[in-house]
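Sequential numbering from 1 along the given sequence is applied to the chain's residues. Below, each value reflects all heavy atoms present in this structure, side chains not excepted, and no hydrogens, waters or symmetry copies.
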Amino acid sequence: QVQLVESGGGLVQAGGSLRLSCVASGRTFSNFAMGWFRQAPGKEREFVGVISWGSSTRYSDSVKGRFTISRDNAKKTVFLQMKSLKPDDTAVYYCASPKKPYGFANMDSREQYDYWGQGTQVTVSS
């Protein structure tokens, strides 16, 4: 059974930074891409970014240049570094593990993922 546990959320002022972490267990972590999604109240869960098993990254246009995803395979952890935060970034942030190892195509789709963390709240005040 795969488990994903996020941490690092909180309240921050606009322009500030936060770093989220997601620790994985129950799967050969290094063989899988890892995705980050977010869901604001009343909105659909949306893609934030993904890091491949080889540490290539891809981001949504809304966060490109402000957010950075990295991974530490030894610690089975993926990170989401968020800078220049805006009130529109307020959401619950989820990490996710995809269904197939070594994949990197179509990773902006929720359908590619079969395991999700419980989420961590990020609130950006204006």
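- Here the CD-CD distance, from Gln118 to Gln3, works out to 10.0 Å after rounding to the nearest 0.5 Å.
- Within the 4.5 Å cutoff, no side-chain heavy atoms of Met82 are placed close to those of Asp89.
- Closest of all the heavy-atom pairs between Ala91 and Ala40 is CB-N, 3.8 Å.
- Counting heavy atoms from C-beta outward, Gln112 and Val50 have side chains that stay 4.5 Å or more apart.
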| request: Check the pair Thr120 / Tyr93 against side-chain contact (heavy atoms from CB on, under 4.5 Å), numbers first and verdict last. | output: CA-CA 5 Å; Thr120 186; Tyr93 283 71; 4.3 Å; yes
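- Distance CD1/Ile51 to CE/Met34: 10.0 Å, rounded to 0.5 Å.
- Counting heavy atoms from C-beta outward, Thr28 and Pro101 have side chains that stay 4.5 Å or more apart.
- A heavy-atom distance below 4.5 Å is found between the side chains of Asp72 and Phe79.
- Once rounded to the nearest 0.5 Å, the distance linking OG1 of Thr77 with CZ of Phe29 reads 6.5 Å.
- For the pair Arg71/Ile69, no side-chain contact is recorded, criterion being any heavy-atom separation below 4.5 Å from C-beta on.
- Scored by the salt bridge (charged side-chain N to carboxylate O under 4.0 Å, His left out) test, Asp88 finds no partners at all (sequence neighbours excluded).
- Annotation: the span from Arg66 atom CZ to Lys86 atom NZ amounts to 4.5 Å, rounded to 0.5 Å.
- A single hydrophobic cluster is seen to contain both Val122 and Trp36, as judged by linkage of ILVMFWY side chains at heavy-atom distances under 4.5 Å, directly or through other members.
- Within the 4.5 Å cutoff, the side chain of Phe104 has no heavy atoms near those of the Thr57 side chain.
- Residues passing the ring-ring contact (aromatic ring centres under 6.0 Å, His included) test with Tyr113, sequence neighbours excluded: Phe37, Trp116.
- For Lys64, the side-chain hydrogen bond (donor to acceptor under 3.5 Å, both in side chains) partners are Asp61, not counting sequence neighbours.
- No side-chain heavy atom of Ser70 sits less than 4.5 Å from a side-chain heavy atom of Gln81.
- Linking Ile, Leu, Val, Met, Phe, Trp and Tyr whenever their side-chain heavy atoms come within less than 4.5 Å puts Leu4 and Val78 in one cluster.
- Between atom OH of residue Tyr59 and atom CZ of residue Phe47 there is a gap of 9.5 Å, rounded to the nearest 0.5 Å.
- With sequence neighbours left out, the side-chain hydrogen bond (donor to acceptor under 3.5 Å, both in side chains) criterion links Glu111 to no other residue.
- Because its NZ or CZ atom is not both nearer than 6.0 Å to the ring centre of Tyr115 and within 45° of the ring axis, Arg27 does not count as a cation-pi partner of that residue.
- Using a 4.5 Å heavy-atom threshold, the side chains of Arg38 and Thr90 count as separate.
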For residues 8-26, dump all side-chain donor-acceptor pairs below 3.5 Å to protein atoms at least two apart in sequence or in another chain.
none

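- Summarising the geometry of Pro87 relative to Ser126, their closest heavy-atom pair is CG-CB, 3.9 Å, with the distance given to 0.1 Å.
- The salt bridge (Lys or Arg N to Asp or Glu O under 4.0 Å) contacts involving residues 4-15 comprise nothing, where partners must be two or more places apart or lie in separate chains.
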